[in-house]
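Some notes on the structure that comes next.
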Amino acid sequence: MKRHLLSLASLDDAAFDRLLRRAHEFARGAAPIPLPGATVANLFFEPSTRTRASFELAARRLGATVLNLDIARSSTVKGESLADTVRTLHAMGVGVFVVRHAEEGSLAAVAEELADARIAFANAGDGGREHPTQGLIDALTLTRRFGDCRGLEVAIVGDLSHSRVARSASQALTRLGAEVRIAGPAALMPEEGAFPGTRVCQSLDEVLDGAQVVMMLRVQRERMDHTGAPDEKVYFKEWGLTESRLAKAATDAVVMHPGPFNRGVEIDSAVADGPRSLILAQVANSVPVRMAVLEWLVEGLAGG
Ligand code: CP
């Protein structure tokens, strides 16, 4: 049966568990079953370092052919639609499309439009809504660290209103039984109900209190008009994570950030580079997660 990864909610429990299990196996060094006939195209309409590079590395480790379309030099600039770009590359033999797009829901719409084609889509981030593979990375990182996420006290802090990574992380972690709480400046809090199953806190002190995991978020200036963007110094003073603030969390608390992060804005360098930081572990886990996702998508195309 053909598969897409458009959102975490679209994964049933069997698929969610399988992706995490395979990602664990790849992270522990399991040899992939090669997918030599598979062709994967990375279409990134927004900037990326981690997601694009790790999908490419994952595809190569699986023995797939990988194409990185340079969107700024593609026919997109002549007005070609996403659906027509996909049709064009599919005619050349591309089966799996990894797509990052600024417009929320754009990939889901194209997946529906091209429902009859033997194409699988992976959402690599759509607007402020979803970044499902990042949610899987955060779940893998914490499962590897703690063994079990049930009852784990997770604080997610910062610009929640624009954060697709926070939406996907909170979905993945609550699904694994973590207790997720959120806080940020009033102007950057999401609409009510946007983070189901989480507790809303009113201050940094409250959200950090006893947390075992502190996940900091970048202020997404690119999604704000400049009048709405907070002053960086004021933001750091009020919401930045420093070593002294981290002392309010549990004594063995770990720190996460999906990246890219802004030193001295949402996180101090001493914390980001410190012994409790899992930031580079998250990056390292991105390749096995994306190997598991590509393997699953290609298997779906083959009717497996
Ligand atoms: N976390 C994440 O999506 O990073 P990139 O924007 O670098 O891909």
Side-chain angles (χ1 to χ4, degrees), residues 7-8 45-48 50-51 100-106 123 125-132 134-135 138 153-174 178-211 213-249 253 255-269 271-272 279 282:
S7 66
L8 284 179
F45 294 83
E46 285 191 323
S48 168
R50 290 150 200 78
T51 311
R100 172 171 289 187
H101 206 284
E103 201 180 314
E104 293 175 15
S106 53
N123 181 356
D126 67 330
R129 194 160 75 172
E130 287 270 3
H131 195 346
Q134 184 67 47
D138 297 338
E153 298 277 351
V154 180
I156 307 182
V157 183
D159 179 2
L160 289 134
S161 62
H162 299 105
S163 182
R164 58 193 175 206
V165 295
R167 278 176 175 73
S168 293
S170 75
Q171 280 183 53
L173 297 176
T174 52
E179 302 287 333
V180 180
R181 41 176 123 150
I182 59 174
L188 300 179
M189 285 301 281
E191 69 277 17
E192 209 177 316
F195 284 75
T198 66
R199 178 162 68 85
V200 178
C201 297
Q202 304 305 324
S203 68
L204 185 57
D205 282 355
E206 184 189 345
V207 80
L208 291 179
D209 186 22
V213 178
V214 182
M215 182 183 294
M216 300 306 292
L217 302 174
R218 182 173 66 86
V219 177
Q220 300 202 18
R221 293 180 176 278
E222 71 275 22
R223 300 193 201 284
M224 305 171 194
D225 75 44
H226 66 278
T227 53
D231 176 85
E232 293 189 348
K233 285 200 176 80
V234 173
Y235 189 90
F236 184 61
K237 195 159 167 263
E238 293 178 359
W239 288 96
L241 188 65
T242 59
E243 283 184 316
S244 63
R245 282 191 165 137
L246 187 55
K248 295 194 168 49
V255 175
M256 300 175 82
H257 193 308
F261 60 87
N262 291 310
R263 295 171 185 270
V265 181
E266 71 270 13
I267 191 165
D268 192 34
S269 283
V271 177
I279 294 172
Q282 290 171 271

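Within the 3.5 Å criterion, the main-chain N or O of S48 finds no donor-acceptor partner in the side chain of T51. Under a 3.5 Å cut-off, the side chain of N123 and the backbone N or O of S7 do not form any donor-acceptor pair. Using modelled atom types, one side-chain atom of E104 and one backbone atom of G128 make a donor-acceptor pair closer than 3.5 Å. Between the side chain of T174 and the main chain of Q171, a donor-acceptor pair closer than 3.5 Å is present. At distances below 3.5 Å, at least one donor-acceptor pair connects side-chain atoms of R167 with backbone N or O atoms of L160. Looking only at distances, no side-chain donor or acceptor of Q134 sits under 3.5 Å from a matching main-chain atom of A169. Side-chain N or O atoms of R100 include none that pairs as donor or acceptor with a backbone N or O of G125 at under 3.5 Å.
In this structure the side chain of N262 never reaches within 4.5 angstrom of the side chain of V219, judged on heavy atoms. Inter-residue side-chain proximity for I156 and M256 is flagged as unmet; no heavy-atom pair is nearer than 4.5 Å. D126 is not listed as a side-chain neighbour of R164, based on a closest heavy-atom distance of 4.5 Å or more. Using a 4.5 Å cut-off on side-chain heavy atoms (C-beta onward), E243 and V271 make contact. V255 has its side chain within reach of I267: a pair of non-hydrogen atoms, C-beta onward, lies under 4.5 Å apart. Side-chain atoms of L204 and E238, non-hydrogen and from C-beta on, never get closer than 4.5 Å to each other.
Qualifying side-chain contact (heavy atoms from CB on, under 4.5 Å) partners for E206, counting only residues two or more places apart in sequence or in other chains: R199, C201, Q202, S203. Among residues two or more places apart in sequence or in another chain, the side-chain contact (heavy atoms from CB on, under 4.5 Å) test is passed with P260 by R50, R218.
Between L188 atom CG and Y235 atom OH the span is 6.0 Å, to the nearest 0.5 Å. Between the CG atom of D205 and the NZ atom of K248 there is a distance of 4.0 Å, given to the nearest 0.5 Å. Between the CZ atom in F236 and the OG1 atom in T242 there is a gap of 6.0 Å [rounded to 0.5 Å].
The existence of a salt bridge linking E266 and R245 is excluded, since no basic side-chain nitrogen approaches an acidic carboxylate oxygen closer than 4.0 Å.
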Problem set entry | Worked check of side-chain contact (heavy atoms from CB on, under 4.5 Å) between M189 and V200 | CA-CA 9 Å; M189 285 301 281; V200 178; 3.7 Å; yes

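When every heavy atom of A211 is checked against every heavy atom of A155, the shortest pair comes out as CB-CB, 3.9 Å.
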